[in-house]
2 protein chains.
Amino acid sequence: MGVTRDDVARLAGVSPATVSYVVNNGPRPVSAAARARVLAAIEELGYSPHAIARSLKTQRTESAGIIIADMLNPYLASVAQAAHDELLQQGYSLLVANSSESPARELMWLKFMRSRRVDGLILEPTGDNLPFLKRLAGPGHPPQLVLIDRAIPELEADTVLLDNVGGARAAVRHLIDLGHRRIALLGLPHEMSPGGERLEGYKLALRAAGLPIDAALIFEGTFVADEASEMVSRLLNVRPAPTAVFASSNRLARGVLQQIKVRRLRMPDDIALAVFDDVDYFEWMTPSITAVEVSGVALGQQAVDYLHDRLTGAYGGPPRLLRIPYRLHVRESTLGMGESAV
Amino acid sequence: MGVTRDDVARLAGVSPATVSYVVNNGPRPVSAAARARVLAAIEELGYSPHAIARSLKTQRTESAGIIIADMLNPYLASVAQAAHDELLQQGYSLLVANSSESPARELMWLKFMRSRRVDGLILEPTGDNLPFLKRLAGPGHPPQLVLIDRAIPELEADTVLLDNVGGARAAVRHLIDLGHRRIALLGLPHEMSPGGERLEGYKLALRAAGLPIDAALIFEGTFVADEASEMVSRLLNVRPAPTAVFASSNRLARGVLQQIKVRRLRMPDDIALAVFDDVDYFEWMTPSITAVEVSGVALGQQAVDYLHDRLTGAYGGPPRLLRIPYRLHVRESTLGMGESAV
DNA sequence: CTGAAAGCGCTTACAG
DNA sequence: CTGAAAGCGCTTACAG
């Protein structure tokens with residue numbers, strides 16, 4: 001706006017320092033008379049303190065960044081939203097960025113966040129850029145790094161993950177309990193921790209039931225939505241045919257729904273479906289979709305809490321790791337319409 | 001990180017100014033030898049230019065803000081994502097904030113964005129805070145304001161809206177063409193432009209067909225999702241019963257799906273449904289849902305283009321207003337399963 | 001092609 | 001309770 005602290009000081013007839021003390025409510029007292037004159041001058045001029053200049057002096061920006069793969073994914077959107085709300089409570093703002101699963105873009109954003117001197121950084125890592133991250137996340141100096149969703153064991157950083165193994169195992173066990181013996185896995189890339197761990201949960205459930213692990217039923221997908229449908233198409237053509245599918249993400253589930261529609265199949269009679277990651281619509285679709293719910297809100301809040309502990313010095317110990325629990329919602333896509341408890 | 005331009009200058013054996021000229025590639029030439037020494041020193045020290053300090057001097061932050069009602073709404077998420085991507089192209093970062101439909105929270109964010117000196121601000125306004133916005137959006141000084149989704153005629157600002165009237169009219173006309181005579185409207189708050197305009201489109205379609213406008217069939221909702229289901233419940237109890245519903249938002253549509261599920265109704269036989277705002281799942285549900293698609297991506301990009309024009313001085317004229325066109329996707333929730341063209 | 005220096009708008013120790 | 005002043009890390013006109 002062009003109006004600075006000095007303008008306010010001049011109009012109020014005090015020193016610039018006094019204006020600062022009024023604006024910041026401290027750290028030293030200001031007489032009631034001077035305060036009143038300053039506040040009146042601020043009002044009259046429409047003065048807005050320059051947060052950028054303040055940051056330069058204080059060496060804190062009161063801001064955090066979050067880099068996620070895709071804010072259109074409702075799960076990640078809820079993580080970002082929760083982080084946003086939680087940070088707001090603590091007086092921080094949030095810079096949201098999309099890596100789009102691209103390591104190059106991730107690196108660009110990492111550099112950007114560093115140049116903007118964010119106090120904290122929440123990262124859903126692509127898995128690359130390890131050397132850069134190691135330098136960035138050195139202890140003591142900002143930004144304070146918290147990893148979410150995907151583990152990077154080589155990095156000394158607080159991490160919040162999902163209980164991928166538990167959730168996948170529970171979903172597949174549920175399918176087995178219903179009598180399914182040929183259960184296909186629609187997986188995320190196995191080399192990343194969510195993909196690998198959901199695959200592991202799938203295998204554990206089969207093994208526990210004494211069922212064979214058939215490589216022909218295991219499909220490894222990418223994050224690209226369009227590929228899902230084609231992959232499901234191949235999956236449905238396997239013989240003997242699978243009677244159930246466990247989809248490792250809501251994106252992959254969409255591919256299943258798409259093929260079911262195109263082929264005019266019925267759930268669960270022709271094929272049963274269970275999904276990792278619940279979406280609002282799953283509950284109100286017909287048939288409703290059985291899904292493992294993992295709270296993006298809980299994950300986002302936890303990440304901010306970890307950040308906050310470090311930033312305030314409330315915690316200074318070794319890296320922490322926490323897993324957000326899952327909840328299995330059994331619905332009509334596995335149970336059938338008649339038995340539904342809606 | 002603590003390492004500053006002066007550290008680099010010292011190690012490279014040049015003046016601090018020369019470091020700046022290398023980092024910024026100008027505005028004056030640097031000898032190849034000096035450049036090489038500077039680059040080596042930057043690499044060795046891990047120097048990261050301090051964007052905050054730079055902003056203070058240049059008076060530009062190369063950042064923009066967006067304040068939307070709710071980033072969990074897939075439509076608004078796509079707007080934010082598109083704005084993010086478009087700004088990225090132009091070297092800007094984006095600060096995302098949620099007003100949650102709260103004027104107080106909106107005001108807080110407006111002040112925050114101003115104090116952070118964002119160059120541009122994209123706002124989906126709650127409708128309040130007009131005096132503050134008027135001062136904020138004075139011509140010439142930052143932040144440059146662009147309104148989205150909701151008009152505020154009293155404000156001199158570029159605005160990007162949806163073709164609410166056209167989209168609603170097309171959907172209701174489609175229902176009329178199928179023979180429906182009692183069509184209920186599930187509306188957004190009428191006093192805001194999207195709610196009012198979608199209501200107007202509904203009325204226009206009825207009038208054009210010579211049908212009466214029955215106040216008993218018009219429901220005015222809020223943005224709270226939970227209320228939708230209860231409102232739909234009342235709607236379905238109107239006698240004579242409506243044979244079709246036009247839902248003015250994806251949130252409201254969820255309430256319809258919920259009641260349809262609870263009451264075990266069939267679409268479109270018991271009740272037909274058309275929705276303003278398409279959601280990915282609508283296409284793959286059974287029955288698939290007829291919806292008016294409005295591109296959040298187009299809206300986000302257009303908002304950024306408006307911003308960019310102003311920021312670069314490419315446009316300096318009077319406020320502009322643009323409406324994003326709609327597209328009606330006719331699906332099974334109105335057409336029936338047999339006739340579907342999937 | 002290069003350096004010394006002013007200044008962006010603040011905070012806060014120093015001195016009264 | 002208050003003011004004058006140093007300094008945060010940069011950019012860029014000024015002078016050579």
Side-chain angles (χ1 to χ4, degrees), chain A residues 1-39 41-42 45-63 111-112 114-119 141-142, chain B residues 1-39 41-42 45-63 111-112 114-119 141-142:
Chain A
M1 317 283 286
V3 30
T4 74
R5 187 200 50 170
D6 289 19
D7 299 326
V8 174
R10 212 169 301 122
L11 180 61
V14 298
S15 77
T18 299
V19 175
S20 284
Y21 294 124
V22 171
V23 167
N24 300 330
N25 269 320
R28 90 182 180 195
V30 175
S31 70
R35 174 184 306 277
R37 288 207 308 282
V38 168
L39 291 175
I42 287 175
L45 296 174
Y47 168 66
S48 164
H50 197 308
I52 300 280
R54 183 172 207 282
S55 290
L56 185 59
K57 188 64 192 168
T58 61
Q59 301 283 46
R60 308 191 75 220
T61 57
E62 258 97 58
S63 69
K111 286 182 174 168
F112 175 86
R114 183 180 63 170
S115 79
R116 283 293 164 90
R117 300 297 191 267
V118 292
D119 297 322
H141 65 250
Chain B
M1 318 283 286
V3 29
T4 74
R5 187 200 51 170
D6 290 19
D7 299 325
V8 174
R10 212 168 302 123
L11 180 61
V14 299
S15 76
T18 299
V19 175
S20 285
Y21 295 124
V22 170
V23 166
N24 301 328
N25 268 321
R28 88 182 181 195
V30 175
S31 70
R35 173 183 306 276
R37 286 208 310 282
V38 169
L39 290 175
I42 287 174
L45 296 174
Y47 168 67
S48 164
H50 196 307
I52 300 280
R54 182 173 207 281
S55 291
L56 185 59
K57 188 64 193 169
T58 61
Q59 301 282 46
R60 307 192 75 221
T61 57
E62 257 98 60
S63 69
K111 286 182 174 166
F112 175 87
R114 184 181 61 170
S115 79
R116 283 295 166 89
R117 301 297 191 269
V118 292
D119 298 322
H141 65 252

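In what follows, chains carry the letters A, B, and so on, assigned in the order in which the sequence lines appear, proteins first and then strands, with residues in each chain numbered from 1. What's counted below: heavy atoms across the whole structure, side chains too, no hydrogens, waters or symmetry copies. Just so it is clear, the structure is predicted and the values come from calculations on it, not from any experiment.
To the nearest angstrom, C1' of C:dT12 lies 11 Å from CZ of A:Arg54. Atom CZ of B:Arg60 is separated from atom C1' of D:dT12 by 16 Å (rounded to the nearest Å). Taking atom CG of B:Asp7 as the reference point, atom C1' of D:dC8 lies 13 Å away to the nearest angstrom. Note: CG (A:Asn25) to P (D:dC1) measures 14 Å, nearest angstrom. One atom, CZ of B:Arg116, and another, P of C:dC10, lie 14 Å apart when rounded to the nearest Å. Summarising the geometry, the separation between CG on A:Asp6 and C1' on D:dA4 is reported as 12 Å, rounded to the nearest angstrom. One can place CD1 of A:Ile52 at 14 Å from P of D:dC10, the figure rounded to the nearest angstrom. With rounding to whole Å, A:Ile42 atom CD1 is found 16 Å from C:dG9 atom P.
Proximity of A:Thr58 to the phosphate of D:dC8: no side-chain N or O atom is located under 4.0 Å from OP1 or OP2. Not one side-chain nitrogen or oxygen of B:Gln59 sits closer than 4.0 Å to the OP1 or OP2 atom of C:dG7. The side chain of B:Thr18 places an N or O atom within less than 4.0 Å of a non-bridging phosphate oxygen (OP1 or OP2) of C:dG3.
If you check C:dT12, D:dC10, C:dC1 against the side chain of B:Pro29, the one that comes closest is C:dC1. Candidate nucleotides D:dT12, D:dG9, C:dC10 were compared by shortest atom distance to the side chain of B:His50, and D:dG9 ranks first. Between C:dT12, D:dC8, D:dT2, one nucleotide has an atom nearer to the side chain of A:Ser31 than all others, and that is D:dT2. In the set C:dA6, C:dC10, C:dG3, the nucleotide with an atom closest to the side chain of A:Ala53 is C:dC10. Checking C:dC10, D:dA13, C:dG3 against every side-chain atom of B:Tyr21, the shortest atom distance belongs to D:dA13.
Between B:Val19 and B:Val22, the closest side-chain pair of non-hydrogen atoms is not below 4.5 Å.
Looking at A:Lys57, its side chain has no donor and acceptor atom pair within 3.5 Å of the base of C:dG9.
Each of B:Leu56 and B:Ala17 has a nearest nucleotide on DNA chain D; the 5'-most of these lies closest to B:Leu56. Nearest-nucleotide assignment on DNA chain C puts the 5′-proximal partner with B:Val14, out of B:Val14 and A:Ala51.
What you find for B:Arg116 and A:Glu62 is that their closest heavy atoms are NH2-O, 3.5 Å. Taking every heavy atom of both residues into account, B:Ala12 and B:Arg37 meet most closely at O-NE, 2.8 Å.
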(message) If you apply the rule side-chain contact (heavy atoms from CB on, under 4.5 Å), what do you find for B:Arg35 with B:Asn25, and how did you get there?
(response) CA-CA 10 Å; B:Arg35 173 183 306 276; B:Asn25 268 321; 3.5 Å; yes

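With both pairing distances under 3.5 Å, C:dG3 is matched to D:dC14 as a Watson-Crick or G-U wobble pair.
Atom C1' of C:dT12 sits at a distance of 16 Å from the matching atom of C:dG16, rounded to the whole Å.
One finds the OH atom of A:Tyr47 at 12.0 Å from the CG atom of A:Leu39 (value rounded to the nearest 0.5 Å). For the atom pair CG (B:Leu56) and NE2 (B:His50), the distance works out to 10.0 Å, reported to the nearest 0.5 Å.
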